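Down below is the structure, laid out as C-alpha cells.
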There are 2 protein chains.
Amino acid sequence: MAVTIKDVAKAANVAPSTVSRVIANSPRISEKTKEKVREVMKQLGYHPNFIARSLASQATRAIGLVLPSSTDIVSQNPFFPIVLGGLSDGAHSKQYALHMTTGKTEEEIFEGVVSMVQGGRVDGVILLSSRVEDPLVSYLLEQDFPFVVIGKPFKNVEQITHVDNDNFKAAKDATNYLLSLGHEQIGFIGGNLNLVVTVERLLGYEKALRDAGLPLINEYVIHDEFLREGGREAVQALLALKKLPTAMLVADDLMALGVLNALDELGISVPEDVSIVSFNNVLVAEMARPPLTSVDINIFDLGYEAAKSLIQKIENPKEPTKRIIIPYELVKRSSCAKPTKKTLTL
Amino acid sequence: MAVTIKDVAKAANVAPSTVSRVIANSPRISEKTKEKVREVMKQLGYHPNFIARSLASQATRAIGLVLPSSTDIVSQNPFFPIVLGGLSDGAHSKQYALHMTTGKTEEEIFEGVVSMVQGGRVDGVILLSSRVEDPLVSYLLEQDFPFVVIGKPFKNVEQITHVDNDNFKAAKDATNYLLSLGHEQIGFIGGNLNLVVTVERLLGYEKALRDAGLPLINEYVIHDEFLREGGREAVQALLALKKLPTAMLVADDLMALGVLNALDELGISVPEDVSIVSFNNVLVAEMARPPLTSVDINIFDLGYEAAKSLIQKIENPKEPTKRIIIPYELVKRSSCAKPTKKTLTL
DNA sequence: TTGTATGCGTTATCAA
DNA sequence: TTGATAACGCATACAA
C-alpha cells in the first residue's frame, strides 16, 4: 500500500491535517513545521492520492475531451494530434490532466460524456469539433456544466464559450485570392455539412462570389466526407459538367490531396489547368505535389486556448462567456496560378 | 449536489449497501428489490460517482496513455489517431476510460506518468511507442505497475507484455520484394534511432541484403527524424553519392512522402528511376503520387490488443507476460517497378 | 436476502 | 499555529 498522509503525519509527529496544510502550502503553518513535514514526505516518497483529494475537494483537476467517432475516417486527420498537443500544453501548464472519450456511434459518445460528467470524472469538457444540432451541447448547457467548443457553436453562440477561427472570412479571403488571380469559375469542395466549419467556409466562399458579382453555380459546390474517397468522388462529379471550374476551394488539406490525385489520374495539371486552395495547412499541404496553397488556422493554438479558457471557467464559475478567435493566414504555395485563356473542357 | 446512493436508498426504502449491490448486480439481491431499486435510480436520475467508487474499491477503471512529446513532429503522424481509435475501442468494450499524459520534454512526460501512477489516477499504463533505454520502462518495472508497450521493448523483453508487429521480418520481406524485382542497390531511410521500431526495420533490411549475398553499403543507410525535413535531407544525402540506389526502403509513409517530394523536385521519377516501399500504410500512402507500396501494420489492432491485454493484466495480476504479434501485409501499389538497365547517375 | 458499520485518503470545519 | 473530527460517495466485512 502506498504511503499516505497519515504515515507522513506519524513520522513527522504532527496531525494529518497539518500535513494536508503543508501540501496546500497554507500560510497558517510555520515554516519550521513545513520544512520538517516536507523532509519526511521526501524520505517516505509520499505522493498525494488524486482520487481521495478529488472526493474530498469535489474537484478532479481533469478535463474531458470528446473526440469524434474513433472509426470515422475524420479521426485520421492530423488535425487531432495537433490540437491535442495544444490542449495538453494548456492543461499541463495549469496542472490539469486530460481524460478522453470517444466511441463508434453518436450514442456511444453521448453516453461516454454523460458518464464522464455525471460520474464526476472531470471538471469540464472540451468538444473537439462543432457539429450541427449537437445533442451534447444541449446536454451540457442543460446541466450547466463547464464546457468549451472548438469551432463555432451551431446555435446559442452567445452562451457558449468557444475557440474558433473566422472561417467565414478565411474562406472569403481565400476565394478572393483566387478571384484576384483572374479565376471566375471557382468550385467548392466541402466535407460533411454536419460540421459547422464546413458550412462557414461554404458561406464565405459564396459571399466572395456574390461580392464579385459572379453567379453561384450549384453544380460547382460539392459535398462529401472529408478525405480519401471524398476528393475522388468530388472530382468525378465536377467532371460530369460541361464547363469545368478553373479553380477550387477545398475545405481540408487531406481532401485536397485526394483531389490532386484524382486530377493527376485524369491528366489535368495543377496549377496549369486548375488552381487549388485548401484549409488547415497541416504537414501534407507542404508535402503535396504541387505544394498546396492552404489557410493556416493555427490548430495548436485552438487547442491551447480552449484548454486555458475552460480552466478559467472551471476555476471561476462567474467567468463570462467568451469567444476567442484565433488568427489565420493564407500560405501561398504553387498550387495556384492565373487561369489559362482556354476553358478546359473534356 | 448530485443524487447519491443514499438518496436512492431512502427513496427505495432500502439500505445504501443494498443499492450498491444492485449496481454491482450482486446475485445475493432478490430480483424484486433489484427492480425496485433500479426503478428509483432511473426516476431520480442516479449516476454512480466514479471518484468515490475508485476510492472505495481502489481501482479507477482508467488506463493511462503516454504519448510522445506533444511538440514533437512525430505526434503529427496519423499513426496516433489511429492507434488511439483502437485503444479507445478496446478500453470501451471493457468499460475502461482513457487518461492521457504527454509533455514538451522527456522530463515532463516522466513526471506526468509518475504523478498519474503514484497519484492513483489509473490502473495501468500503455506506452504508445517503444524507445531505446526508456526510463519509464525501468520505473514501471520497479514499481511493479501494470503496463503494456506498443512496439518491442528495448530490453527485458520477456518481462514486458507488449503488442508489436514483427518489424524485423516485415522489413526483410519488403526488402526481398525489392530484390525480387531485380533491385540490387537498395537504400534505407529510417527515422530516429531512439525508436526501437527503426532499429528493427533496419536490421530486417540488412538481413535481407546479407541473405541475398549483397554488400551492406554504409552510405545507403540514412537516419533522420521521421517526416518532413527527414525525407528531403535524406534524399540530398543520397544524391551526394556517385551511385544512386535504384530502390529505397523508407521507414514511414509520411517520410516517404517527403522523399517523393524531394525526388520530384530533382526530376527523378518514381518508380521509373527509383522504387519506393514504405511502412504503416496510412491514408497518405494511398493518396501519394504515385501511390506508395507500403507495409500495412494494422495500427488499429495494435491499439485494440494493447488495451485488451492491459485490462487482462489489471484484472488478473497473475496473468503471464505476453507478446502479441499483429500481422502485417505488404500492400503493393505503383511506387515499385523493375530497375531500368542504366544506372542512374547525376 | 438485507442492514450496519467501517474504511478508502483527502480536505475542511471546528476547537484548542 | 496546530489538532480532532466530520464529511466526500461508495464498497464490503460482518451481522442479522
Side-chain angles (χ1 to χ4, degrees), chain A residues 1-38 40-41 44-62 95 115-123 315, chain B residues 1-38 40-41 44-62 95 115-123 315:
Chain A
M1 184 89 339
V3 29
T4 76
I5 219 172
K6 282 185 191 169
D7 303 321
V8 175
K10 228 170 270 175
N13 272 321
V14 294
S17 51
T18 302
V19 178
S20 177
R21 291 191 184 101
V22 173
I23 294 170
N25 197 20
S26 156
R28 309 189 320 181
I29 298 286
S30 72
E31 274 307 320
K32 226 174 67 187
T33 40
K34 272 188 189 174
E35 275 181 34
K36 184 177 64 181
V37 171
R38 284 186 184 129
V40 175
M41 293 199 307
L44 269 55
Y46 170 79
H47 280 268
N49 181 310
F50 285 116
I51 303 299
R53 174 180 288 184
S54 297
L55 186 59
S57 66
Q58 299 289 76
T60 61
R61 288 194 93 82
Q95 320 260 53
S115 99
M116 201 165 69
V117 168
Q118 310 275 6
R121 271 222 224 245
V122 298
D123 295 339
E315 298 187 343
Chain B
M1 184 87 343
V3 30
T4 77
I5 217 172
K6 280 186 193 169
D7 303 323
V8 175
K10 228 169 271 174
N13 273 322
V14 294
S17 54
T18 301
V19 178
S20 177
R21 291 192 184 100
V22 172
I23 294 170
N25 198 20
S26 158
R28 311 189 318 180
I29 298 286
S30 72
E31 275 307 321
K32 225 174 72 188
T33 41
K34 271 187 189 173
E35 274 181 33
K36 183 177 65 181
V37 171
R38 282 185 186 131
V40 174
M41 293 199 308
L44 268 54
Y46 170 78
H47 279 269
N49 181 311
F50 285 116
I51 303 299
R53 173 181 289 183
S54 297
L55 186 59
S57 65
Q58 299 291 76
T60 61
R61 288 194 93 81
Q95 320 261 54
S115 99
M116 203 165 67
V117 168
Q118 310 275 6
R121 270 220 224 246
V122 297
D123 295 340
E315 298 188 342

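Predicted model only: the values in this text are computed from it and were never measured. A note on names: the letters A, B, ... follow the listed sequences, proteins ahead of strands, and every chain is numbered from 1.
- Taking atom CD1 of residue B:Ile51 and atom C1' of nucleotide D:dA11, one finds them 15 Å apart after rounding to whole Å.
- Closest to the side chain of A:Lys6, out of C:dT2, D:dA11, C:dT10, is C:dT10.
- Here the CZ-OG1 distance, from A:Arg53 to A:Thr60, works out to 12.0 Å after rounding to the nearest 0.5 Å.
- Backbone-only engagement by B:Ser30 is indicated by non-hydrogen atom pairs under 4.0 Å involving sugar-phosphate atoms exclusively.
- Between atom CD1 of residue B:Ile23 and atom NZ of residue B:Lys34 there is a gap of 12.5 Å, rounded to the nearest 0.5 Å.
- Phosphate proximity of C:dG9 to A:Arg53: absent, as no side-chain N or O sits under 4.0 Å from OP1 or OP2.
- Between the CZ atom of A:Phe50 and the C1' atom of C:dT11 there is a distance of 15 Å, given to the nearest Å.
- Using a 4.0 Å cut-off, some side-chain N or O of A:Thr18 falls inside it from OP1 or OP2 of D:dG3.
- Distance, B:Glu31 CD to C:dT1 P: 10 Å, rounded to whole Å.
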Where do N or O atoms of nucleotides 13-16 of chain D meet protein N or O atoms at under 3.5 Å, pair by pair?
from   : atom 1 : to      : atom 2 : distance (Å)
D:dA13 : N6     : B:Arg21 : NH2    : 2.8

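- Closest approach of B:Val3 to B:Asp7, counting heavy atoms only: CA-OD2, 3.3 Å.
- In this structure, the CE atom of B:Met41 is 17 Å from the P atom of D:dG9, given to the nearest Å.
- One can place CD1 of B:Ile5 at 5 Å from P of D:dC10, the figure rounded to the nearest angstrom.
- Applying the salt bridge (Lys or Arg N to Asp or Glu O under 4.0 Å) criterion to A:Arg61, with sequence neighbours excluded, gives A:Glu315.
- In this view, A:Ser54 satisfies the side-chain hydrogen bond (donor to acceptor under 3.5 Å, both in side chains) rule with no residue, not counting sequence neighbours.
- B:Pro16 comes within 4.0 angstrom of nothing in the nucleic acid, heavy atoms only.
- What separates CD1 of A:Ile29 from P of C:dT11 is a distance of 13 Å, to the nearest Å.
- Residue A:Lys10 contributes atom NZ, which lies 16 Å from atom C1' of C:dT10 at whole-angstrom precision.
- Contact record, A:Val8 with A:Val40: O-CG1, 3.9 Å, taken as the closest heavy-atom pair.
- If you check D:dG3, C:dT10, D:dG9 against the side chain of A:Val14, the one that comes closest is D:dG3.
- Residues A:Asn25 and A:Arg38 form a side-chain contact, since some pair of their non-hydrogen atoms from C-beta on lies under 4.5 Å apart.
- Between B:Gln58 and D:dT12, a side-chain N or O to OP1/OP2 separation shorter than 4.0 Å is absent.
- Distance, A:Asn13 CG to D:dA4 P: 11 Å, rounded to whole Å.
- The side chain of B:Thr4 places no N or O atom within less than 4.0 Å of a non-bridging phosphate oxygen (OP1 or OP2) of D:dC8.
- Among the nucleotides C:dG3, D:dG9, C:dT10, the one closest to the side chain of A:Leu55 is D:dG9.
- Atom NZ of A:Lys10 has 12 or fewer neighbouring heavy atoms from other residues, nucleotides or ligands inside a 6.0 Å radius.
- The phosphate of C:dT10 (OP1 or OP2) has no side-chain N or O of A:Ser57 nearer than 4.0 angstrom.
- For the OP1/OP2 pair of D:dT1 and a distance below 4.0 Å, the side-chain nitrogens and oxygens of A:Thr33 include no atom meeting the criterion.
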